[in-house]
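Note sheet for the following structure.
Values in this document were obtained by computation on a predicted structure and should not be read as measured data. Along the sequence shown, the residues carry numbers beginning at 1. Order of listing sets the numbers, starting from 1, for every ligand and every atom in it.
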Amino acid sequence: MSSVGAGAVRARTGPGDRRDTASAAGEGHLEVVGLTKRFGDRVALDGVSFSVPRGTITGFVGNNGSGKTTSLRIITGLLEPDAGTVLVGGRPVTDAFRAAIGYMPEARGLYRDMKVTRQLVYLARLYGMSKAEAEREVAAWTARLGIERYRSAKLKTLSLGNQQRVQLIAALLNHPGLLILDEPFSGLDRAAAASMSEILREAAGRGVGVFFSSHQLDLVDSICERAVILRRGTVVAEGRVDELRDRGSATIRVTFGARRAPTAQELSAAMPGARLLHGTTFAVPAGADDAGRVLRAALGLGEVTEFSRRRQTLGDVFAEVSDETGAK
Ligand SMILES: Nc1ncnc2c1ncn2[C@@H]1O[C@H](COP(=O)(O)OP(=O)(O)OP(=O)(O)O)[C@@H](O)[C@H]1O
């Protein structure tokens, strides 16, 4: 949609500092260095450092209570850290930059009793748009997200998924250089998740740094270029998703014919770390050069009917670095 996008702001010639803040937000990538935050005796963040380069989608994953929301609130300036800094382009983040961050909080931040268009136009005006411009932008975004029929409805009457879409529009209206979203995919059906991913990709394509938290590892795996994995207030892995996948140990799956299958004990004696998955199928942790060795050992133990090397997923990496089997 040509009327919606960062270009629309850059083309603006009118007065006001919105252009300045938007371009300030476009400078350099975001870097979080050594964030520490305590709540009473509870250490929520313990020296958290990571970066969100411009033009990338970076996923933020971690179990409940690992510190994701606390980190996001510090980046957006809603919370002060006890120690650590947030840098943009190598310099401490300014209020102008913060004002230009698009933030979609997990707890809905909009007025539940206000009509959708009314509150979005109100927000857009706060960002410095004229009434006509604000109305045009809001009309364009609500159409784009397929919620035009709810423009005159009160927010609280919308489904959770549609409320998320309104919240996303609120985060995008300021044409942010950095978009921070707390669990934007939770509660969305497939179609809504697909349009959310498309909008995030488009934003990254325009050079925006997109950073979002999620419990859905498959989703982070499929749409993010980078990921940051948090465990109990500490970053345990960070980097390109494809590199993270390659970092962990791969798994080889071996299935034996039912008539000549080894017991789990026999198998783990021959191949340390092997475990029974189901029936006569076993998973064997293996490095890049191990396939031949594992196959020879398996052939020595029984009749091999299937043998495959499985690519690591982000979920596997997460389970490895967090010692748990899922993000929840
Ligand atoms: N305002 C607060 N007062 C006291 N403790 C807090 C507060 N905010 C967060 N915490 C604690 O800090 C830790 C990190 O919480 P945070 O909400 O950042 O985790 P999270 O990774 O976002 O979790 P979730 O996935 O459940 O949203 C938790 O132990 C939480 O109970």
Side-chain angles (χ1 to χ4, degrees), residues 30-52 57-87 93 98 101-110 112 160-161 163-165 167-168 170-171 178-188 192-193 196-197 200 209-224 226-239 241 244 313-328:
L30 173 81
E31 214 173 330
V32 162
V33 187
L35 290 187
T36 297
K37 180 73 189 175
R38 287 172 177 273
F39 294 104
D41 328 330
R42 173 137 206 139
V43 180
L45 302 180
D46 189 7
V48 165
S49 301
F50 58 82
S51 58
V52 178
I57 305 184
T58 301
F60 197 24
V61 295
N63 286 322
N64 290 129
S66 55
K68 301 179 298 295
T69 299
T70 304
S71 306
L72 300 185
R73 298 189 73 212
I74 291 174
I75 295 168
T76 51
L78 292 173
L79 198 64
E80 278 289 313
D82 296 333
T85 39
V86 180
L87 304 170
V93 69
R98 282 212 161 105
I101 291 178
Y103 179 45
M104 179 173 161
E106 188 178 22
R108 310 288 153 234
L110 297 171
R112 294 177 48 72
L160 178 68
Q163 289 189 33
Q164 307 257 98
R165 294 178 208 211
Q167 195 81 38
L168 175 66
L178 179 70
L179 198 50
I180 305 247
L181 310 100
D182 201 351
E183 293 284 345
F185 290 94
S186 75
L188 296 190
M196 171 77 73
S197 333
L200 298 189
V210 178
F211 188 51
F212 75 89
S213 66
S214 179
H215 284 107
Q216 289 152 276
L217 290 163
D218 50 342
L219 210 141
V220 172
D221 208 336
S222 67
I223 70 172
C224 294
R226 303 183 74 259
V228 177
I229 303 180
L230 205 58
R231 177 176 185 250
R232 295 191 199 147
T234 307
V235 174
V236 285
E238 183 199 359
V241 169
L244 288 175
T313 64
L314 193 63
D316 298 327
V317 177
F318 183 86
E320 228 165 80
V321 296
S322 63
D323 296 332
E324 289 167 49
T325 49
K328 283 263 173 196

Close-contact set for ligand 1 against [X] heavy atoms, below 4.0 Å:
| X | value |
| --- | --- |
| Ala44 | 12 (O), 13 (C) |
| Asn63 | 21 (O) |
| Gly67 | 14 (C), 16 (P), 18 (O), 19 (O), 20 (P), 21 (O) |
| Thr69 | 17 (O), 18 (O), 20 (P), 22 (O), 27 (O) |
| Thr70 | 9 (C), 14 (C), 15 (O), 16 (P), 18 (O) |
| Arg42 | 28 (C), 29 (O) |

Query - Validation row: Phe185, Ile223 side chains within 4.5 angstrom (heavy atoms) - result: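 Phe185 reaches Ile223 side chain to side chain.
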Among Val32, Leu230, Thr76, side chain to side chain contact (heavy atoms under 4.5 Å, CB included) partner for Ser71:
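Only one of Val32, Leu230, Thr76 forms a side chain to side chain contact (heavy atoms under 4.5 Å, CB included) with Ser71, namely Leu230.
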Do you know which of Leu181, Leu188, Asp182 makes side chain to side chain contact (heavy atoms under 4.5 Å, CB included) with Pro184?
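When side chain to side chain contact (heavy atoms under 4.5 Å, CB included) is applied between Pro184 and each of Leu181, Leu188, Asp182, only Leu181 qualifies.
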Give yes if a backbone or side-chain nitrogen or oxygen of [X] is under 3.5 Å from a nitrogen or oxygen of ligand 1, and no if not.
| X | answer |
| --- | --- |
| Lys68 | yes |
| Glu183 | no |
| Gly65 | yes |

Counting N and O atoms only, with roles assigned by atom type, does the side chain of [X] sit under 3.5 Å from a partner on the main chain of [Y], one being a donor and the other an acceptor?
| X | Y | answer |
| --- | --- | --- |
| Thr85 | Leu87 | no |
| Glu238 | Arg226 | no |
| Lys68 | Phe212 | no |

| task | Please report the shortest heavy-atom distance between Leu35 and Pro81, naming the atom on each side. | result |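 Distance-wise, the nearest heavy atoms are CD2-CB, 4.0 Å.
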- Query: So, for Leu244 and Val317, which heavy atoms are closest and what is the spacing to 0.1 Å?
  - Reply: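 Of all heavy-atom pairs spanning Leu244 and Val317, the closest is O-CG2, 3.4 Å.
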ask   = Side chain or backbone of Asp182 under 4.0 Å from ligand 1, or both, or neither, by non-hydrogen atoms?
value =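 Neither; no heavy atom under 4.0 Å.
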Quick one: does ligand 1 sit under 4.0 Å from the side chain of His215, the backbone, both or neither, non-hydrogen atoms only?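 Answer for His215: side chain.
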